[in-house]
Visitor: 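Below is a structure I'd like to ask you about.
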Amino acid sequence: MVLLTFLISIPCFSQKVDFDRVVTPSEMGTRNFNAYLVQLAWINSPENEVLDYEKDLREFEFKAEKKDWMDDVRFSVNLNENNLNRDTIFIVPGTDPSGVNQTNLFPIFNFNASVSLGTFTNRKNKLGIAKQRVKIAESNINQKKLNVRMEVLKRYENYLMYEEILKAVIQAEENANQALILITDLFKADKATFEDYNSASTSYNIAVEKRIKASSELKIAQYLVEEMIGISLDEAKRMRK
């Protein structure tokens with residue numbers, strides 16, 4: 001009984017995603033710089049524009065389907081050709097005009113309208129199909145928003161990580177350089193061995209190599225973010241301010 005109550009209560013805790021919070025609309029301000037990068041990535045992507053165009057197309061198709069039944073309506077108008085000459089009366093000589101037998105010329109015209117019964121039978125299904133296509137287009141957009149947000153934040157997080165790594169590596173290089181300068185002076189004064197000098201020189205060279213590699217990794221991380229947002233990261237920071 002407890003398990004059944006728990007299973008029934010599960011849907012009460014579900015919450016539908018607000019996709020305007022996943023990707024903030026262009027006309028709205030963003031909460032932080034991360035959200036701003038996600039917004040830029042969405043706005044500046046031609047691939048995302050295609051999804052918006054697809055949604056617009058499906059909405060146009062749905063609206064057209066609503067009015068499509070009118071194409072099956074047929075109208076016809078039949079004029080009574082006798083009315084074209086209704087004011088002309090032929091009188092036989094020697095007869096009383098008032099006694100002439102006149103034919104009833106009404107109605108002047110006949111109006112008919114018809115529609116196929118299949119139009120209304122299939123209308124609900126056609127509208128349902130068109131409406132589902134709109135929903136599919138919307139779902140594709142929402143899924144892409146989730147993907148874009150995840151990819152942008154992941155790339156920017158890597159950028160921040162490599163930025164910190166570079167700072168640490170630069171500090172290590174400075175320390176290795178100071179150690180090398182000290183050992184060099186001691187070596188010149190015969191207070192340090194060649195092995196000491198060689199070890200300090202090797203440590204410094206390794207630190208330089210790590211700094212070059214870390215700097216390159218940071219640049220690549222920056223380019224990966226810029227690939228998503230469509231502009232340079234520096235420009236995005238200036239625009240955010």
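Residue numbers run from 1 in the order of the sequence given.
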Visitor: Donor-acceptor pair, distance only, cut-off 3.5 Å: does the side chain of S201 make one with the backbone of Y197?
Guide: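 Side chain of S201 to backbone of Y197, a donor-acceptor pair under 3.5 Å: no, none is there.
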Visitor: About how many Å separate CD of Q143 and CD1 of I136, when rounded to the nearest 0.5 Å?
Guide: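 The distance works out to 14.0 Å.
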Visitor: NZ of K219: more than 12 outside heavy atoms within 6.0 angstrom?
Guide: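 12 or below, so no.
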Visitor: Please determine whether a side-chain nitrogen of the Lys or Arg among K55 and E59 lies less than 4.0 Å from a carboxylate oxygen of the Asp or Glu.
Guide: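 Between E59 and K55 there is a salt bridge, with a charged N closer than 4.0 Å to a carboxylate O.
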Visitor: Between L146 and L51, is there a shared hydrophobic cluster once you connect ILVMFWY residues whose side-chain heavy atoms come closer than 4.5 Å?
Guide: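 In one cluster: yes.
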Visitor: If I take atom CD from residue E227 and atom CG from residue L224, how far apart are they, to the nearest 0.5 angstrom?
Guide: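 It comes to 6.0 Å.
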Visitor: Where is the tightest heavy-atom contact between P25 and Q39, given as atom of each residue plus distance?
Guide: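 That closest heavy-atom pairing would be O-NE2, 2.8 Å.
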Visitor: Counting N and O atoms only, with roles assigned by atom type, does the side chain of S215 sit under 3.5 Å from a partner on the main chain of R211, one being a donor and the other an acceptor?
Guide: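 Not at all, since once roles are kept as given, no pair shorter than 3.5 Å links the two residues.
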Visitor: Once you round to the nearest 0.5 Å, how far does OH of Y162 lie from OG of S216?
Guide: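 One finds 10.0 Å between OH of Y162 and OG of S216.
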Visitor: Tell me whether N44 contacts the main-chain N or O of I229 through its side chain, where contact means a donor paired with an acceptor under 3.5 Å.
Guide: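 Yes: the side chain of N44 pairs with the backbone of I229.
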Visitor: Go through L37 and L233 one step at a time and tell me if the side-chain contact (heavy atoms from CB on, under 4.5 Å) criterion holds.
Guide: CA-CA 9 Å; L37 291 179; L233 197 52; 4.1 Å; yes
Visitor: Tell me if the CZ atom of R21 is crowded by more than 12 foreign heavy atoms within 6.0 Å.
Guide: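 No, the 6.0 Å shell around CZ holds no more than 12 heavy atoms from other groups.
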Visitor: Flag yes if V152 and I231 sit in one hydrophobic cluster, no otherwise; membership is Ile, Leu, Val, Met, Phe, Trp, Tyr, and two members link when side-chain heavy atoms are under 4.5 Å apart.
Guide: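 Both belong to a single hydrophobic cluster.
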Visitor: Looking only at heavy atoms, what is the nearest atom pair of V148 and A41, with distance?
Guide: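 Minimum heavy-atom separation between V148 and A41: CG1-CB, 3.8 Å.
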Visitor: Is it true that Q222 and E226 share a donor-acceptor pair across their side chains at a distance under 3.5 Å?
Guide: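 Note: E226 and Q222 side chains meet the donor-acceptor criterion.
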Visitor: Return the CG to CG distance between L153 and N158, rounded to the nearest 0.5 Å.
Guide: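 Reported value, rounded in 0.5 Å steps: 11.0 Å.
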Visitor: Just checking, is any N or O donor in the side chain of N177 or E173 under 3.5 Å from an acceptor N or O on the other one?
Guide: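 No, no side-chain donor-acceptor contact under 3.5 Å.
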Visitor: Determine the minimum heavy-atom distance between L40 and A236, stating which atoms define it.
Guide: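 Heavy atoms only, the tightest pair is CD1-CB, 4.0 Å.
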Visitor: Does atom CZ of F19 have more than 12 heavy-atom neighbours, drawn from other residues, nucleotides or ligands, at distances under 6.0 Å?
Guide: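 For F19, atom CZ is crowded (more than 12 foreign heavy atoms under 6.0 Å).
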Visitor: Before you tell me yes or no, could you show the steps for V22 and D18 under side-chain contact (heavy atoms from CB on, under 4.5 Å), namely the whole-Å CA-CA distance, both residues' side-chain angles and the distance that decides it to 0.1 Å?
Guide: CA-CA 7 Å; V22 175; D18 181 2; over 6 Å; no
Visitor: Would you name the heavy atoms of V134 and R58 that are closest together and state the gap between them?
Guide: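 Smallest interatomic distance, heavy atoms only, reads CG2-O, 3.4 Å.
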Visitor: On a heavy-atom basis, which atom in G29 and which in T24 lie closest, and how many Å separate them?
Guide: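 Shortest heavy-atom separation between G29 and T24 comes out as O-CG2, 3.5 Å.
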Visitor: Once the angle between the rings of Y159 and Y156 is folded into 0 to 90°, is it parallel (under 30°), tilted (30 to 60°) or perpendicular (over 60°)?
Guide: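 Ring orientation, 0 to 90° scale: parallel.
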Visitor: Are more than 12 heavy atoms, taken from residues, nucleotides or ligands other than K210, located less than 6.0 Å from that residue's NZ atom?
Guide: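 Not buried by this count: 12 neighbours or fewer within 6.0 Å.
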Visitor: In Å and rounded to the nearest 0.5 Å, what is the OH to OG distance from Y223 to S232?
Guide: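 Answer rounded to 0.5 Å: 11.0 Å.
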Visitor: Is it true that atom CD of E157 has more than 12 heavy atoms of other residues, nucleotides or ligands lying nearer than 6.0 Å?
Guide: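 Not buried by this count: 12 neighbours or fewer within 6.0 Å.
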Visitor: I want to check something: taking the side chain as every heavy atom from C-beta on, are N140 and E54 in contact at a cut-off of under 4.5 Å?
Guide: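 No, too far: nothing below the 4.5 Å cut-off.
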Visitor: Is R238 salt-bridged to E235, going by a charged N under 4.0 Å from an acidic O?
Guide: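 Judged by the 4.0 Å cut-off on N to carboxylate O distance, R238 and E235 do not form a salt bridge.
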Visitor: Please report the interatomic distance CD1(I183) to OH(Y204), rounded to the nearest 0.5 Å.
Guide: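 That separation rounds to 15.5 Å.
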Visitor: Any chain of hydrophobic side-chain contacts (each under 4.5 Å) joining I165 to L160?
Guide: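 Yes: a chain of side-chain contacts under 4.5 Å links I165 to L160.
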Visitor: Are Q171 and N175 close enough that a side-chain donor and a side-chain acceptor fall under 3.5 Å?
Guide: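 Q171 vs N175: donor-acceptor pair found between side chains.
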Visitor: Mind running side-chain contact (heavy atoms from CB on, under 4.5 Å) on V50 and E47 for me, showing each step along the way?
Guide: CA-CA 5 Å; V50 171; E47 184 179 355; 5.7 Å; no
Visitor: Taking all non-hydrogen atoms of both residues into account, name the closest pair between V23 and W42 and its distance.
Guide: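 That closest heavy-atom pairing would be CG1-CB, 3.5 Å.
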Visitor: For the residue pair T193 / D196, report whether a side-chain donor-acceptor contact shorter than 3.5 Å exists.
Guide: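 There is such a pair (donor and acceptor under 3.5 Å, judged by atom type) between the side chains of D196 and T193.
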Visitor: Are F33 and M161 grouped together when hydrophobic residues (ILVMFWY) are joined by side-chain heavy atoms under 4.5 angstrom apart?
Guide: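 Shared cluster, yes.
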Visitor: Run the numbers on V17 and N142 for side-chain contact (heavy atoms from CB on, under 4.5 Å), then give the verdict.
Guide: CA-CA 9 Å; V17 177; N142 291 337; over 6 Å; no
Visitor: Between L166 and V225, is there a shared hydrophobic cluster once you connect ILVMFWY residues whose side-chain heavy atoms come closer than 4.5 Å?
Guide: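 Cluster IDs for L166 and V225 match.
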Visitor: Would you say F60 has more than 12 foreign heavy atoms packed within less than 6.0 Å of its CZ?
Guide: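 No, the 6.0 Å shell around CZ holds no more than 12 heavy atoms from other groups.
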Visitor: Could you go step by step and tell me if E151 and R155 meet the salt bridge (Lys or Arg N to Asp or Glu O under 4.0 Å) rule?
Guide: CA-CA 6 Å; E151 188 64 26; R155 294 187 185 194; 2.7 Å; yes
Visitor: Does this structure show an ion pair linking K135 with E138, if we count only N-O contacts that are shorter than 4.0 Å?
Guide: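 The answer is no: the pair does not qualify as a salt bridge.
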